[in-house]
Amino acid sequence: NGSGKSTLLKLLSGIYKPSIGKIMGNVFFPMITRDLIVSHDLCGIDAVNAFYCQHNLHKINIDKKEFAIEIEENCNIGEYFNKPIKYYSEGMRTRLIFSLLTSVRLSENLAIDEGFGTGDKDFTKQAEKKLENFLGSDGSLLLASHSDDLLKQFCNRGLVLKAGKIIFDGNLDSALNFYNSDKY
């Protein structure tokens, strides 16, 4: 904790700008937000409509009503979908956010912070399937995590950070060995 993982994700996603130098290459789509872009006095459907408008999904021929139905089914929060977000548990908000962010491919590159979390076992399986589909279609994933199992499931390269600096860059097994050794 405190090594700079989330900051690196935000830099590579264009959320933060570097104070010196510049970042070149494709930007990662940040799936690191833990909040919705609407007031918590509004309902889940309002968050869906805001997301639809924010990302101009009509321009890529996505039907607004069908999109809302898909999100409602994917987030699986039942009657809460039509209740104010302020009454949602953290898990319900996370499910809605994750469903929105994985509903359409907004970028070839995706940045995820493990702290995002996805909820119960069934929803976790659904989330893993979405990530596998994303990666199976030539996508790149940047995943910040402490979980060796999660990293092994989705990654083949590892960066180890300490005090905001990359101190190791190599294949995942070597990175995990370095991180778990006395060298770290």
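What you are looking at is a predicted structure, and each value in this text was computed from that prediction instead of being measured.
- With contacts defined as side-chain heavy-atom distances shorter than 4.5 Å, the pair Leu96/Ile71 qualifies.
- Hydrophobic clustering (ILVMFWY, side-chain heavy atoms < 4.5 Å, transitive): Phe168 and Leu9 are in distinct clusters.
- Of all non-hydrogen atoms in Asn76 and Arg95, the two that sit nearest each other are O-NH1, 3.2 Å.
- When all heavy atoms of Glu72 and Asn82 are compared, the closest pair comes out as OE2-ND2, 4.2 Å.
- Contact check for Lys5 versus His146: side-chain heavy atoms found under the 4.5 Å cut-off.
- Rounded to the nearest 0.5 angstrom, Ile77 CD1 and Ser89 OG are separated by 8.5 Å.
- Looking only at side-chain heavy atoms (C-beta outward), Phe81 and Cys75 come within less than 4.5 Å of each other.
- In the hydrophobic clustering of this structure, Leu161 does not group with Tyr179; members are Ile, Leu, Val, Met, Phe, Trp, Tyr whose side-chain heavy atoms approach within less than 4.5 Å, directly or through other members.
- In this structure a side-chain-to-backbone donor-acceptor pair under 3.5 Å is missing from Arg157 to Asp169.
- Linking ILVMFWY side-chain heavy atoms closer than 4.5 Å, directly or via other members, places Val160 and Phe154 in two distinct hydrophobic clusters.
- Residues Asn177 and Ser174 have side chains that never bring a donor and an acceptor to within less than 3.5 angstrom of each other.
- When all heavy atoms of Ser103 and Phe67 are compared, the pair lying nearest together is OG-CE1, 3.2 Å.
- Looking only at side-chain heavy atoms (C-beta outward), Leu141 and Ile112 come within less than 4.5 Å of each other.
- The closest side-chain heavy-atom distance from Leu100 to Val48 is below 4.5 Å.
- Following chains of ILVMFWY side-chain contacts shorter than 4.5 Å, one cannot reach Ile69 starting from Met92, and the two form parts of different hydrophobic clusters.
- No donor-acceptor pair closer than 3.5 Å links the side chain of Lys64 to the backbone N or O of Tyr52.
- Between Asp148 and Leu176, the shortest heavy-atom contact is OD1-CD2, 3.3 Å.
- Both the sub-6.0 Å distance and the 45° axial angle are not jointly satisfied by Lys83 relative to the ring of Tyr88.
- With contacts defined as side-chain heavy-atom distances shorter than 4.5 Å, the pair Leu57/Phe51 qualifies.
- By the neighbour-count criterion of 12 heavy atoms within 6.0 Å, atom CG of Asn156 is sparsely surrounded, having that number or fewer from other residues, nucleotides or ligands.
- Within 6.0 Å of OH on Tyr16 lie no more than 12 heavy atoms contributed by other residues, nucleotides or ligands.
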How far apart are the C-alpha atoms of Asp173 and Lys152, what are their side-chain angles, what is the distance that settles it, and do they pass the salt bridge (Lys or Arg N to Asp or Glu O under 4.0 Å) test?
CA-CA 8 Å; Asp173 287 333; Lys152 286 178 183 178; 5.1 Å; no
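- At least one side-chain heavy atom of Leu172 sits under 4.5 Å from a side-chain heavy atom of Leu151.
- In this structure the side chain of Ile167 reaches within 4.5 angstrom of the side chain of Phe178, judged on heavy atoms.
- Between Leu11 and Pro18 the shortest heavy-atom distance is CD2-N, 3.7 Å.
- Summarising the local packing, OH of Tyr80 is surrounded by 12 or fewer heavy atoms from other residues, nucleotides or ligands at distances under 6.0 Å.
- Ile15 and Ile23 fall within a single hydrophobic cluster, where Ile, Leu, Val, Met, Phe, Trp and Tyr are joined by side-chain heavy atoms under 4.5 Å apart, directly or via other members.
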